[in-house]
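To find a chain, count down the sequence lines: A is the first, B the second, and so on, and within it residues start at 1.
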Number of protein chains: 2
Amino acid sequence: MSHVVYHCLMAVDRDHVLRSAAALLTRKSTATMDEVAKAAGISRATLHRQFAGRDALVRALESLGIQECEAALDAARLDDGTAQEAVRRLVKELEAAAGLLAFLYTENQLFEGEEQNEGWARLDARMAALFRRGQESGEFRIDLTPAWLTEALYGLMASGAWAVTEGRVAAKDFHYMIVELLLGGALRREES
Amino acid sequence: MSHVVYHCLMAVDRDHVLRSAAALLTRKSTATMDEVAKAAGISRATLHRQFAGRDALVRALESLGIQECEAALDAARLDDGTAQEAVRRLVKELEAAAGLLAFLYTENQLFEGEEQNEGWARLDARMAALFRRGQESGEFRIDLTPAWLTEALYGLMASGAWAVTEGRVAAKDFHYMIVELLLGGALRREES
DNA sequence: ATTCGATGAGACAAAGATGTCTCACGTGGT
DNA sequence: ACCACGTGAGACATCTTTGTCTCATCGAAT
């Protein structure tokens with residue numbers, strides 16, 4: 001009964017392929033399956049064996065992104081302390097997934113008519129709830145809707161990720177710049 | 001000498017095609033030449049007669065976007081009044097071009113190795129100069145670099161444009177939400 | 001040593017997009 | 001009425017990407 005013995009570490013390989021694909025597609029969202037395979041250090045045949053096609057690959061990346069986001073949301077303990085502190089923790093936890101998020105953020109408009117992965121709705125709801133909590137506690141302004149703040153967080157994460165890859169901002173400043181702009185804005189607080 | 005008489009309004013048609021293409025590609029950045037042609041109400045043959053190929057079309061859209069941005073920068077009179085007022089005027093002037101900007105913002109990473117249109121560098125420099133002026137006048141924080149503020153402005157414009165097209169935020173709130181978040185952030189100003 | 005399974009390399013057809021071409025039509029100017 | 005020019009429709013070859021296939025090879029377990 002040798003068929004019960006799993007010789008290779010398929011799960012690990014699959015994860016490595018996804019990471020490589022995410023890294024490549026973040027930089028070049030139109031990369032071909034061949035390029036993705038080369039980036040992962042495998043052949044196109046093997047890539048096709050693990051992911052039925054490009055669509056399946058993108059879907060898998062979407063699931064990975066959602067999974068990482070949810071892990072980040074969990075790790076950030078959104079209900080603890082002030083909403084401001086929670087937002088800071090959240091951005092810190094999301095930093096590692098920023099590149100993947102940036103890719104998915106622009107790719108999602110591709111899934112126009114088709115069914116959206118329900119995971120995004122869950123994530124949006126949790127983030128919006130955080131911003132709403134901040135509004136109800138008096139920390140956040142009430143004239144910016146939680147939906148817009150959520151959207152802005154995604155957008156700033158994507159902008160930051162691209163700016164870092166293109167060298168326009170330093171990678172070490174990523175977290176600080178996003179959090180400070182999102183929470184405090186460009187104006188000096190001692191203003192007026 | 002009838003060849004000196006221009007029967008048709010090619011310039012107008014070309015502009016109309018560009019507008020249609022911009023509107024379509026903002027929603028679906030992978031639209032084919034056929035779809036672009038249909039969206040503009042012309043045949044693919046005519047589209048090819050006006051733009052040598054897809055590349056030429058995107059380049060023309062890039063030029064259009066740069067042109068509209070520069071017009072917006074001029075109209076916003078970045079050197080008048082406080083930097084804050086100038087930023088508000090700038091976002092207002094840029095609103096009409098937000099969709100096109102969002103498309104080009106994500107498409108620009110396509111032009112990786114190739115030469116970037118120098119227009120972007122000019123625009124970036126002018127915007128960064130505005131933010132720098134605000135920093136030197138004491139209006140803006142100095143811990144957020146002008147380059148990052150410029151990048152964030154692009155990102156928020158793109159996020160806002162997509163959020164509007166997908167109905168997540170109201171179109172009438174576009175300008176307000178971007179300006180308020182960029183300048184003031186999410187925190188209430190009476191804080192601490 | 002042998003066997004099993006995964007891999008890499010490459011061939012192959014199918015599908016989609018692109019670019020070029022021809023031709024017929026209609027409209028406006030002569 | 002005639003002509004010139006732009007246009008739409010479609011055929012066509014080409015290119016790229018994709019998805020599937022076969023086959024040889026390598027490694028590990030037996």
Side-chain angles (χ1 to χ4, degrees), chain A residues 1-22 24-62 103 106-107 109-114, chain B residues 1-22 24-62 103 106-107 109-114:
Chain A
M1 303 299 187
S2 68
H3 64 280
V4 296
V5 180
Y6 293 89
H7 307 249
C8 301
L9 324 170
M10 296 196 55
V12 172
D13 274 340
R14 180 186 155 97
D15 192 73
H16 168 245
V17 171
L18 281 177
R19 303 283 169 188
S20 307
L24 173 60
L25 290 172
T26 296
R27 297 192 306 272
K28 189 183 177 193
S29 59
T30 61
T32 68
M33 293 293 274
D34 204 65
E35 293 172 302
V36 171
K38 277 187 174 52
I42 63 177
S43 71
R44 195 164 66 95
T46 302
L47 179 59
H48 263 281
R49 286 186 189 106
Q50 291 185 328
F51 302 98
R54 187 177 223 288
D55 207 56
L57 175 63
V58 175
R59 296 292 178 161
L61 283 173
E62 189 181 28
F103 163 67
T106 60
E107 198 78 358
Q109 58 185 351
L110 259 275
F111 302 154
E112 292 185 355
E114 318 171 31
Chain B
M1 304 301 184
S2 66
H3 65 279
V4 295
V5 179
Y6 294 89
H7 307 248
C8 301
L9 325 169
M10 296 196 57
V12 172
D13 273 340
R14 180 188 156 96
D15 192 73
H16 168 246
V17 171
L18 280 177
R19 303 283 168 188
S20 307
L24 173 62
L25 290 173
T26 297
R27 296 192 306 272
K28 189 183 177 196
S29 59
T30 61
T32 67
M33 293 292 275
D34 205 64
E35 293 173 300
V36 172
K38 277 187 175 53
I42 63 176
S43 71
R44 197 164 66 95
T46 302
L47 179 59
H48 264 283
R49 286 184 190 108
Q50 291 185 326
F51 303 97
R54 188 177 222 288
D55 208 56
L57 175 63
V58 174
R59 296 293 177 161
L61 282 173
E62 188 181 29
F103 163 68
T106 60
E107 198 79 356
Q109 60 185 351
L110 261 269
F111 302 154
E112 292 186 354
E114 317 172 29

Could you give the angle between the helix axes at the two ends of the helix from C:dA1-D:dT30 to C:dT30-D:dA1, with five pairs per end, rounded to 10 degrees?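 Rounded value for the end-axis angle: 10°.
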Under-3.5 Å N/O pairs linking protein and nucleotides 19-26 of chain D:
residue : atom : partner : partner atom : Å
D:dG19  : OP2  : A:R54   : N            : 3.1
D:dG19  : N7   : A:R44   : NH1          : 3.0
D:dG19  : O6   : A:R44   : NH2          : 2.9

Which salt bridge (charged side-chain N to carboxylate O under 4.0 Å, His left out) pairs, counting each pair once, include a residue from residues 42-52 of chain B, with sequence neighbours left out?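 As it turns out, the salt bridge (charged side-chain N to carboxylate O under 4.0 Å, His left out) pairs with a partner in residues 42-52 of chain B, which skip direct neighbours, are B:D34-B:R44.
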Expressed as a whole number of angstroms, how long is the span from [X]:[atom1] to [N]:[atom2]?
X: B:F51; N: C:dT20; atom1: CZ; atom2: P; answer: 15 Å
X: A:D13; N: C:dG5; atom1: CG; atom2: P; answer: 18 Å
X: A:H16; N: C:dT7; atom1: NE2; atom2: P; answer: 13 Å
X: A:K38; N: C:dG8; atom1: NZ; atom2: P; answer: 11 Å
X: B:I42; N: D:dA9; atom1: CD1; atom2: P; answer: 11 Å
X: B:Q50; N: D:dG6; atom1: CD; atom2: P; answer: 11 Å
X: B:D34; N: D:dG10; atom1: CG; atom2: C1'; answer: 11 Å

Sort me out a list of protein N/O and nucleotides 14-16 of chain C N/O pairs below 3.5 Å, or just none if empty.
none

Kindly determine whether B:F51 and B:R14 satisfy side-chain contact (heavy atoms from CB on, under 4.5 Å), including the steps that lead there. CA-CA 9 Å; B:F51 303 97; B:R14 180 188 156 96; 3.4 Å; yes
Holding to salt bridge (charged side-chain N to carboxylate O under 4.0 Å, His left out), I want the full list of residues that pass it with B:R19, two or more places apart in sequence or in another chain.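 If we apply the salt bridge (charged side-chain N to carboxylate O under 4.0 Å, His left out) test to B:R19, skipping adjacent residues, the hits are B:D15, B:E68.
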Residues which pass salt bridge (charged side-chain N to carboxylate O under 4.0 Å, His left out) with B:R54, listed by chain and number, not counting sequence neighbours: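 Salt bridge (charged side-chain N to carboxylate O under 4.0 Å, His left out) list for B:R54, sorted by chain: empty.
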Results of side-chain contact (heavy atoms from CB on, under 4.5 Å) for A:A39 - residues two or more places apart only: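 Result, side-chain contact (heavy atoms from CB on, under 4.5 Å) vs A:A39: A:L24.
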Among all residues two or more places apart in sequence or in another chain, which pass the side-chain contact (heavy atoms from CB on, under 4.5 Å) test with A:A40? A:V17, A:S20, A:I42
Would you compute the distance between atom [atom1] of [X] and atom [atom2] of [Y] and round it to the nearest 0.5 angstrom?
X: B:K38; Y: B:T32; atom1: NZ; atom2: OG1; result: 8.0 Å
X: A:F103; Y: A:K28; atom1: CZ; atom2: NZ; result: 13.0 Å
X: B:T30; Y: B:E35; atom1: OG1; atom2: CD; result: 7.5 Å
X: A:L25; Y: A:L57; atom1: CG; atom2: CG; result: 6.5 Å

Distance check: side-chain N/O of B:S43 vs OP1/OP2 of D:dT7, anything under 4.0 Å?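 No, because none of the side-chain N or O atoms of B:S43 sits under 4.0 Å from OP1 or OP2 of D:dT7.
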Checking side-chain contact (heavy atoms from CB on, under 4.5 Å) for the pair A:L61/A:E107: CA distance, chi angles, key distance, verdict? CA-CA 11 Å; A:L61 283 173; A:E107 198 78 358; over 6 Å; no
